[in-house]
Amino acid sequence: MREALREQSRFDWEAFLTHRARELRLGGQLTVLGCDGRRDERACDVAVDRRV
């Protein structure tokens, strides 16, 4: 079950990035803030996709 969720998550993330890349102008950046349930400074991470 966990592997299936991990695989679906990977698929969803790639689909999200693909769609957002179509919306960005050349040289644009996508910043994503993701948080989890932990209550410490590592709970939120920022990812910048520079593939565009």
Side-chain angles (χ1 to χ4, degrees):
M1 177 70 172
R2 231 175 220 194
E3 185 57 36
L5 291 173
R6 191 174 292 128
E7 195 61 35
Q8 183 64 50
S9 177
R10 189 175 306 126
F11 175 82
D12 292 344
W13 180 245
E14 286 296 324
F16 173 80
L17 292 177
T18 298
H19 292 291
R20 298 301 73 79
R22 291 182 191 143
E23 297 169 348
L24 286 172
R25 293 182 180 182
L26 186 60
Q29 287 186 339
L30 171 66
T31 302
V32 178
L33 177 65
C35 298
D36 63 22
R38 294 178 289 173
R39 292 181 179 262
D40 62 19
E41 69 279 354
R42 297 169 302 159
C44 295
D45 295 318
V46 175
V48 177
D49 188 337
R50 299 178 192 273
R51 292 187 288 176
V52 177

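Position 1 is the first residue of the sequence; numbering continues from there. In what follows, every heavy atom counts, from backbone to side chain, and hydrogens, waters and symmetry copies are set aside.
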Next on the checklist: Starting from Leu5 and following side-chain heavy-atom contacts under 4.5 Å between hydrophobic residues (I, L, V, M, F, W, Y), which residues can be reached?
Outcome noted: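 Its cluster mates, by chain and number, are Met1.
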Checklist outcome for this item: Rounded to the nearest 0.5 Å, the CG atom of Asp12 sits from the CD atom of Glu7 at a distance of 10.5 Å
Next on the checklist: Just verifying a value: how many Å separate Phe11 CZ and Gln8 CD, rounded to the nearest 0.5 Å?
Outcome noted: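 Going from CZ on Phe11 over to CD on Gln8, the span is 6.5 Å.
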Checklist entry - Residues two or more places apart in sequence or in another chain: which of them pass side chain to side chain contact (heavy atoms under 4.5 Å, CB included) with Glu23? => result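 So Glu23 forms a side chain to side chain contact (heavy atoms under 4.5 Å, CB included) with Arg20.
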Item to check | Test side chain to side chain contact (heavy atoms under 4.5 Å, CB included) applied to Arg2 - qualifying residues, sequence neighbours left out | outcome: Arg6
